[in-house]
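Remember, it's a predicted structure, so these values are computed and weren't measured experimentally. Letters A, B, ... mirror the listed sequences (proteins, then strands); counts begin at 1.
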Amino acid sequence: MKNKELAWIFARLGDALEIKGESGFKIIAYRKAARILEDLTEDIEAVAQEDRLKEIPGIGSGIANKIDEYLQTGQIKKYREVVSRIPEELLDLLEIQNLGAKTIHVAHQELGVKTLDDLKKVIEDGSLAKLYGLGEKKVENIKKGIEIYEQAQERIPIFEALNIVEEVIAHLKKAPQIGRLSPAGSLRRMKETVGDIDILATGKNGSRVIKHFIQFPGVNRVLAAGETKGSVMISTERGERQVDLRIVDEPAYGAALQYFTGSKAHNIKLRAMARSKGLKISEYGVFKGQKKIAGFDEKEVYKVLGLPLIPPELREDRGEIELALKSLLPQVVDYSDIKGDLHVHSLHSDGHMSIEDLAGLARAMKYEYIAICDHSQSVKYAHGLSPERLLKQIKEIQELNQRYKSFRILKGIEVDILQDGQLDFPDKILKELDIVVAAVHKGFKKKVTERILKAMENPLVTAIAHPSGRLISRRDGYEVDLEKVLQGAKNKGKALELNAFYDRLDLNEFYLRKAKEMEIKICIGTDTHYPAGLQMMRLGVGIARRGWLERKDILNCRGYKELIRNK
DNA sequence: GCCGTTTTCGGCCCGACTGTTTTCAGTCG
């Protein structure tokens, strides 16, 4: 797929034009095209071949021609023309806070700045501050921006962000002046990683709430503490994390929550829509002329635009507004729809809980079932089960199940897909099980696609676990053609896993949505080895919602009987 | 460069903050 390459080119083109000082709207158009290509689930080459490029909203004849040009010749003339005149490193400087395209442009023109080092020099020798429109304070801010840029904070995994926000919110609830309170930003939209942590609240006395906020025990540094905004750095074992709190007036809470939840693209489309109806949306409310007609809660804001409340996880301008207008929005899955966890490990392999304890935890979570899927024999490092040990485990499960009236432990396995695509156990063993999840754990570069396709030919396989193999913070994943895996799953009627382990989240939201479009079933499993890990199901549900999944798309939204019947 | 239930031309999201160019440009979210 060339989608990402093209997205990158258009984003760079936008940056380059901005530094050149070209018209703002052209830049916006290129950046929008970049985002659309980044989000697109279809292969852009297929779209181009069928001459449908211009059907994609945001892509007109100019960009469509450039996409065609790239697909045919491997380059875009316009891009080469524009970018060749600008030093590559100059584009990267746009990421520095408090330093924008205009300043980069004059620094380049007037002082010959080409690199970060050049920039530092003109700051030190005072020549930058002497430029028209700049001054000492501005340069001081740019200097701070460079510092932050150089110790570039990596993004925060959603799991960690959720834990932090939970603690901070618990702390904020103790402030006597606090009113309504919610996470906002990409955290509320459940993006798999977030840049910082945003919280929105109302309160009778803003500055007192902020004062309480900055007394949170984990606070390391206070960046700002005014009447409406507080910003702190919290120290965690992985470094400092930024948490922002905004206080708004009670009547504007809904509008502010809508605004601060984003995404930016979603909000821009919403505002354009409002404008065409003669309305104006801001973080203070929806206005008709001077008159405020909505803003107390989010539902109201959407309602005056003729829309149902769009779930935060869908707010990415990926077609949700258009569908909402036609009342065709998917009824995305809710955490309460989940009837069980379909992938957990016990003491029998490398987990840290007995099967009995796992069952107890699952019952406390109001699940109807839990599937024990320990590793198979060839995964030595995880103490994988031999056939004999598996049979023993099956017996233990059968005995335990006699205790429960309305709860079931499912006999399962996470069976390895070996180097030749064979499974780690013969069929006569797999036949004894309720659920068979097949997974690659070795040979990440060795014919992974073929091996997975072969594994799916076995009728006893229920699903493929963590199909891409990526670890968000550590590795990209297998050399695997997921398009082919999806097609294979469709052909063979196999489910694919949404592994909810915080560092996997695999399949990701884009492939989930594609799987849904192909009517492939998804099973969500936490893959946990520890008690607390069962809670990662909430992450799984969040990502499932971002993939537009509904109850009917997810195997573990089925009750026990239906699940087993359709296995 | 994109787009059309006002439009094939003339618009394109909104507001806050900051610093500097004392009236607004640049940057951010």
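Between dG26(B) and dT20(B), the two C1' atoms lie 11 Å apart (nearest whole Å). Going from the C1' atom of dC2(B) to that of dT8(B) covers 12 Å, rounded to whole Å. Annotation: dT6(B) and dG11(B) have their P atoms spaced 16 Å apart (nearest Å). Separation of the C1' atoms belonging to dT7(B) and dC3(B) is 9 Å when rounded to the nearest angstrom. dG4(B) and dC13(B) have their P atoms separated by 14 Å, with the value rounded to a whole Å. For the C1' atoms, the distance linking dT23(B) with dG29(B) amounts to 24 Å, nearest Å.
For the residue pair Thr115(A) / Asp117(A), no side-chain donor-acceptor distance below 3.5 Å is found, with atom types taken as modelled. Glu5(A) and Tyr70(A) are linked by a side-chain donor-acceptor pair at a separation below 3.5 angstrom, with hydrogens and angles left out of the test.
Taking the six-membered ring where the residue is Trp, Tyr502(A) and Phe159(A) present parallel rings, their angle staying beneath 30° rather than reaching 60°.
The interatomic distance linking Lys54(A) (NZ) with dG1(B) (P) rounds to 14 Å, in whole Å. One can place CD1 of Ile142(A) at 11 Å from C1' of dG19(B), the figure rounded to the nearest angstrom. Taking atom CZ on Arg246(A) and atom P on dG15(B), their separation rounds to 15 Å, with Å as the unit. Whole-Å rounding puts the Ile27(A) CD1 to dC12(B) C1' distance at 13 Å. Taking atom CG on Leu53(A) and atom C1' on dG1(B), their separation rounds to 15 Å, with Å as the unit. Taking atom NE2 on His266(A) and atom C1' on dG29(B), their separation rounds to 16 Å, with Å as the unit. In this structure, the CZ atom of Phe260(A) is 19 Å from the P atom of dC13(B), given to the nearest Å. Look at NZ on Lys32(A): it is 9 Å from C1' on dC12(B), rounded to the nearest Å.
Ile63(A) comes within 4.0 angstrom of sugar-phosphate atoms only, judged by non-hydrogen atoms across all strands, and of no base. Within 4.0 Å (heavy atoms only), Ala33(A) reaches no atom of the nucleic acid at all. Counting non-hydrogen atoms under 4.0 angstrom, Lys102(A) reaches the backbone sugars and phosphates but no base. At the heavy-atom level, Glu136(A) lies under 4.0 Å from the strands shown only through sugar-phosphate atoms. At a threshold of 4.0 angstrom between heavy atoms, the contacts of Ile28(A) with the nucleic acid are absent. Across all strands, Ile96(A) comes closer than 4.0 Å only to sugar-phosphate atoms, never to a base (heavy-atom distances).
Once the 5.5 Å centre distance and the 30° plane angle are applied, the aromatic ring of Phe25(A) is found stacked with the base of dC12(B).
Comparing Ser282(A) and Tyr259(A), the nucleotide of DNA chain B nearest to each residue sits closer to the 5' end for Ser282(A). When each of Leu134(A) and Asn98(A) is assigned the nucleotide of DNA chain B bearing its nearest heavy atom, the one mapping closer to the 5' terminus is Leu134(A).
The phosphate of dC12(B) has neither OP1 nor OP2 within less than 4.0 Å of any side-chain N or O from Arg271(A). The phosphate of dT27(B) (OP1 or OP2) has a side-chain N or O of Thr103(A) nearer than 4.0 angstrom. Taking side-chain N and O atoms only, Lys280(A) has a distance below 4.0 Å to OP1 or OP2 of dG15(B). Using a 4.0 Å cut-off, some side-chain N or O of Lys66(A) falls inside it from OP1 or OP2 of dG1(B). A sub-4.0 Å separation between OP1 or OP2 of dG19(B) and a side-chain N or O of Asn141(A) is present. Side-chain nitrogen and oxygen atoms of Tyr284(A) include at least one within less than 4.0 Å of the OP1 or OP2 phosphate oxygen of dA16(B).
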Residue pair Glu88(A), Arg12(A): steps toward the salt bridge (charged side-chain N to carboxylate O under 4.0 Å, His left out) verdict: CA-CA 10 Å; Glu88(A) 284 278 313; Arg12(A) 292 291 272 194; 2.9 Å; yes

Under the salt bridge (charged side-chain N to carboxylate O under 4.0 Å, His left out) rule, what do Arg189(A) and Glu509(A) come out as? Steps first, then yes or no, please. CA-CA 12 Å; Arg189(A) 301 202 311 281; Glu509(A) 61 195 60; over 6 Å; no

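A 4.5 Å side-chain heavy-atom check between Glu192(A) and Arg155(A) finds every atom pair outside the cut-off.
For Arg238(A), the salt bridge (charged side-chain N to carboxylate O under 4.0 Å, His left out) partners are Glu160(A), not counting sequence neighbours.
Side-chain proximity of Lys264(A) to dC13(B), dG19(B), dC28(B): nearest is dC13(B).
With a 3.5 Å ceiling on both atom-pair distances, dT8(B) lacks any Watson-Crick or G-U wobble partner.
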